[in-house]
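Presented below is the structure to which this report refers.
Only a predicted model underlies this, so the values are computations on that prediction, with no experimental measurement involved. The basis for the numbers below is simple: all heavy atoms, side chains too, and nothing from hydrogens, waters or symmetry mates.
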Amino acid sequence: MKFTEQSLAGVFLIDPEPFSDNRGLFHRVFCGRELSEQNIDFSIKQSSISENKLRGTLRGFHYQHAPFQEGKIFSCIRGAVYDIVADLRPRSSTYLKWIAIELNAENRRTLYVPPGCANAYLTLEDETRLLYFHSEFYTAKAEGGIRYDDPFFKFKWPMMPAVISEKDKNYPPFVPEPSQSQR
């Protein structure tokens, strides 16, 4: 696995190093030892699969408040997504910045999102599936979210979402802490 730190502190794009033979391909999407070598402390508490029927499905922005913050490792195993990660960590050098990355079944890339960051994705193909690993258990009372079109962040999407949950559509506008609003 090849780790490339992104412009948001602690966010890594992980490229597989597949083994190929006459049977097909084999590659890892998770290796605790290799994560540890990148100073990523990650213990799997939950694993999920997100199945999305239609192109233009938006999920997020989701995160959990302290002390239940979670890291996520995920791969697009079918189809394609445009993923955005927003840094909500006040002590981070990239606080309130965001990046976008395309993950798809062909590039086989994996994304590591550290605790304290919000994540959302928009499907670019019908029948898109993602495999997730979570470093903490889901805790409903700690759930937080940001609207996909939040005026503070001015996220840029490749298309308007066609399918979005009422919850994700109706998050209140994001308001940064007053002393942290440097952008």
Side-chain angles (χ1 to χ4, degrees), residues 1-17 27-50 58-77 80-104 107-122 129-148 150 152-157 168 171 174-177 179-183:
M1 297 166 62
K2 180 183 169 205
F3 291 76
T4 306
E5 189 166 15
Q6 302 301 291
S7 60
L8 285 187
V11 175
F12 284 87
L13 192 56
I14 305 167
D15 285 294
E17 294 177 326
H27 66 92
R28 283 178 289 188
V29 294
F30 181 87
C31 178
R33 183 176 334 143
E34 290 188 42
L35 288 164
S36 182
E37 290 169 2
Q38 300 299 319
N39 295 314
I40 299 171
D41 181 21
F42 195 98
S43 173
I44 298 173
K45 300 282 177 69
Q46 285 186 191
S47 183
S48 307
I49 292 178
S50 172
L58 186 123
R59 292 187 187 251
F61 283 87
H62 301 149
Y63 62 95
Q64 291 195 160
H65 295 282
F68 303 101
Q69 292 174 317
E70 66 176 343
K72 296 177 187 174
I73 294 175
F74 57 94
S75 299
C76 183
I77 56 175
V81 296
Y82 182 86
D83 189 274
I84 296 180
V85 180
D87 190 343
L88 303 181
R89 302 166 294 174
R91 291 186 172 86
S92 170
S93 62
T94 54
Y95 179 56
L96 302 179
K97 298 205 181 319
W98 59 272
I99 59 168
I101 296 169
E102 184 175 331
L103 302 174
N104 60 57
N107 68 26
R108 297 179 179 89
R109 290 178 147 175
T110 297
L111 185 64
Y112 168 70
V113 177
C117 290
N119 185 74
Y121 63 81
L122 182 67
R129 293 189 183 147
L130 284 89
L131 171 64
Y132 278 80
F133 299 110
H134 307 264
S135 68
E136 287 298 329
F137 298 107
Y138 171 71
T139 305
K141 68 180 181 179
E143 186 177 53
I146 299 171
R147 260 190 4 243
Y148 74 98
D150 189 89
F152 178 83
F153 285 101
K154 299 180 177 116
F155 299 117
K156 305 237 183 315
W157 297 98
D168 288 350
Y171 284 121
F174 179 80
V175 179
E177 297 175 25
S179 63
Q180 302 291 335
S181 61
Q182 305 157 356
R183 235 167 107 64

Least distance between heavy atoms, [X] atom then [Y] atom:
X	Y	answer
Leu131	Ile49	CD1-CG1, 4.0 Å
Phe152	Pro176	CE1-CG, 3.7 Å
Glu5	Gly10	OE2-N, 2.7 Å
Ser135	Gly71	OG-N, 2.6 Å
Tyr63	Ala118	CD2-CB, 3.7 Å
Gln46	Phe137	OE1-CA, 3.4 Å

Report yes if some heavy atom in the side chain of [X] is under 4.5 Å from a heavy atom in the side chain of [Y]; otherwise report no.
X	Y	value
Glu136	Pro115	no
Trp157	Ile84	yes
Ile99	Thr94	no
Phe74	Val113	yes
Arg59	Ser50	yes

Apply side-chain contact (heavy atoms from CB on, under 4.5 Å) to Lys156 and list each qualifying residue two or more places apart in sequence or on a separate chain.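 Listed in chain order: Trp98.
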Sequence neighbours excluded, which residues qualify as side-chain contact (heavy atoms from CB on, under 4.5 Å) partners of Glu34?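 Residues passing side-chain contact (heavy atoms from CB on, under 4.5 Å) with Glu34: Met1, Phe3, Arg28, Cys31, Glu37.
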Measure the spacing between [atom1] of [X] and [atom2] of [Y] and express it to the nearest 0.5 Å.
X	Y	atom1	atom2	result
Ile73	Phe30	CD1	CZ	5.0 Å
Leu96	Leu88	CG	CG	7.0 Å
Glu17	Arg108	CD	CZ	13.5 Å
Lys72	Thr110	NZ	OG1	15.0 Å
Phe153	Ile146	CZ	CD1	4.5 Å
His27	Asp15	NE2	CG	10.5 Å

Do [X] side-chain atoms and [Y] backbone N/O form a donor-acceptor pair below 3.5 Å?
X	Y	answer
Glu70	Gln64	no
Asp87	Leu8	no
Asp168	Gly60	yes

Between Tyr132 and His134, what is the ring plane arrangement, given parallel below 30°, perpendicular above 60°, and tilted in between?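 Plane angle under 30°, so parallel.
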Can you say whether the rings of His62 and Tyr171 are parallel (under 30°), tilted (30 to 60°) or perpendicular (over 60°)? perpendicular
Stepwise side chain to side chain contact (heavy atoms under 4.5 Å, CB included) test for Leu111 and Leu13: CA-CA 5 Å; Leu111 185 64; Leu13 192 56; 4.2 Å; yes
More than 12 foreign heavy atoms under 6.0 Å from CG of Asp41: is that the case here? no
Within 6.0 angstrom of Lys45 NZ, more than 12 heavy atoms from elsewhere: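 Enclosed: over 12 neighbouring heavy atoms sit under 6.0 Å from NZ of Lys45.
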For residues Phe155 and Phe61, establish whether the separation of their ring centroids is below 6.0 Å. yes
Walk me through whether Ile77 and Val29 qualify under side chain to side chain contact (heavy atoms under 4.5 Å, CB included). CA-CA 10 Å; Ile77 56 175; Val29 294; 5.9 Å; no
